[in-house]
Amino acid sequence: MAAVERPVVKPRPIYLNLLAIRQPLPAIVSILHRISGALLFAVGIPLLLWFVQTSLASGAGYATAFGPLSSSLGKLVLLAIAWAYIHHVLAGLRHLALDLHIGTDLAPTRTASALVMVVALLLTLIVAVRLW
Amino acid sequence: MAVGAHYGARDWLAQRVTAVVMTLYTLLIGLIVLWHGGLDYASWKAMFASTAFRVVSFLFMASLLFHAWVGMRNILMDYAKPTSLRLSLQVAVVCVLVAYAGWTVQVLWGHA
Ligand code: HEM
């Protein structure tokens, strides 16, 4: 076989430490969308079902369902789930907009990503204020 | 195991349709709760006693469980590379989702 002459390529830097690369904002929104989705699957759904079931059982059950909210741990868990749902929905809606080719240019994408992050955190803050 | 992308576009669409259904239901619940300024036990119970509300809630949960299946499968396809591992985890996810579905029916129709 004839030797193929290869162009000399400068060695390209391989630098894939995800923690060291500065991630663009849309990438952060995206990975949080994934993490929040997995969190909702594993923790959010069973908590929701438990809550509705317990609260509907009886008047006493209704009180039991809100019981965990009297402890700081219970409040923190609910707050985490609330953030996950809010972030996931907002990031999901951003996804749907992108699928419809709305706001796909770089500047609007950045703005929308920032909006998703900020609005999700603000709504979570409102939940926190109401909880404490 | 069927490989190939034949189910990809359908699931992609399903994930979007279920997302819209869930968003509408979430807004509905949010509006109801805000409208009443929070629900006490009696009105909470009355809301879930209505067949229409049970059916709509079931539709939400069905959307959610299907959405979660597509989503979790996508995640596993990215991170669980060895086929045997991926298939095992997918089976586990399906078992959990079927359990959630049974639990949902119990929650919605298992009370007076
Ligand atoms: C408890 C409810 C929910 C669970 C457990 C859940 C779970 C997930 C998971 C695991 C993914 C895959 C994420 C990925 O591939 O990175 C996903 C994707 C997605 N979710 Fe949800 N989700 C829920 C509710 C919602 C809602 C209410 C919306 C409404 C906007 C939504 C919109 C989306 C969209 C648009 C995607 C696709 C994103 C993509 O293709 O990368 N989800 N969801």
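Throughout, protein chains are lettered first and strands after them, A, B, ... in sequence-line order, and every chain is numbered starting at 1. Side-chain atoms are counted along with the backbone in the values below, which use heavy atoms only and exclude waters and symmetry mates.
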Identify the two heavy atoms, one from B/Asn74 and one from A/Arg34, that lie closest to each other, and give their separation to 0.1 Å. O-NH2, 4.2 Å

Are B/Leu76 and B/Tyr79 co-members of a hydrophobic cluster defined by side-chain heavy atoms under 4.5 Å apart? yes

Report the residues that fulfil side chain to side chain donor-acceptor pair (under 3.5 Å) with B/Arg73, sequence neighbours left out, ordered by chain and then residue number. B/Asp11

B/Leu65, part contacting chain A, at a heavy-atom distance under 4.5 Å: side chain

Scanning both residues in full, the closest heavy-atom pair of A/Phe41 with B/Ala68 reads CD1-CB, 4.2 Å

Chain A heavy atoms under 4.5 Å from B/Thr23: which part of the residue, side chain, backbone, both or neither? side chain

Distance only, no hydrogens: is a donor on one side chain within 3.5 Å (strictly under) of an acceptor on the other, for A/Tyr85 and B/Thr26? yes

Quick check: are there more than 12 heavy atoms from other residues, nucleotides or ligands sitting under 6.0 Å from CZ of B/Phe58? no

Any idea which heavy atoms bring A/Ser55 and B/Trp44 closest together, and the distance? OG-NE1, 2.7 Å

Tell me, for B/Val93 versus chain A, whether the close heavy atoms (under 4.5 Å) come from the side chain, the backbone, both or neither. both

Specify which of A/Ser58, A/Gly61, A/Gly92 makes the most heavy-atom pairs with chain B at under 4.5 Å. A/Ser58

What part of A/Ala63 lies closer than 4.5 angstrom to a heavy atom of chain B: side chain, backbone, both or neither? neither

Answer yes or no: are there more than 12 heavy-atom neighbours, outside B/Trp35 itself, under 6.0 Å from its atom CH2? no

Could you look at A/Ala65 and say if it's the side chain, the backbone, both or neither that has a heavy atom under 4.5 Å from chain B? neither

Hphob cluster co-occupancy, A/Val119 + A/Ile102, side-chain heavy atoms under 4.5 angstrom: no

Linking I/L/V/M/F/W/Y whenever their side-chain heavy atoms sit closer than 4.5 Å, directly or via other members, would B/Met72 and A/Val43 fall into one cluster? yes

Please state whether the side chain, the backbone, both or neither of A/Leu40 comes within less than 4.5 Å of a heavy atom of chain B. neither

List the atom pairs, donor and acceptor, that lie under 3.5 Å between side-chain atoms in residues 44-53 of chain A and the rest of the protein, sequence neighbours left out.
{"from": "A/Trp50", "atom 1": "NE1", "to": "A/Thr54", "atom 2": "OG1", "distance (Å)": "3.2"}
{"from": "A/Gln53", "atom 1": "OE1", "to": "B/Trp103", "atom 2": "NE1", "distance (Å)": "2.7"}

Over all atoms of both residues, closest heavy-atom pair of A/Leu56 and B/Lys45: O-NZ, 2.7 Å

Do B/Leu59 and B/Leu24 share a hydrophobic cluster (ILVMFWY, side-chain heavy atoms under 4.5 Å, transitive)? no

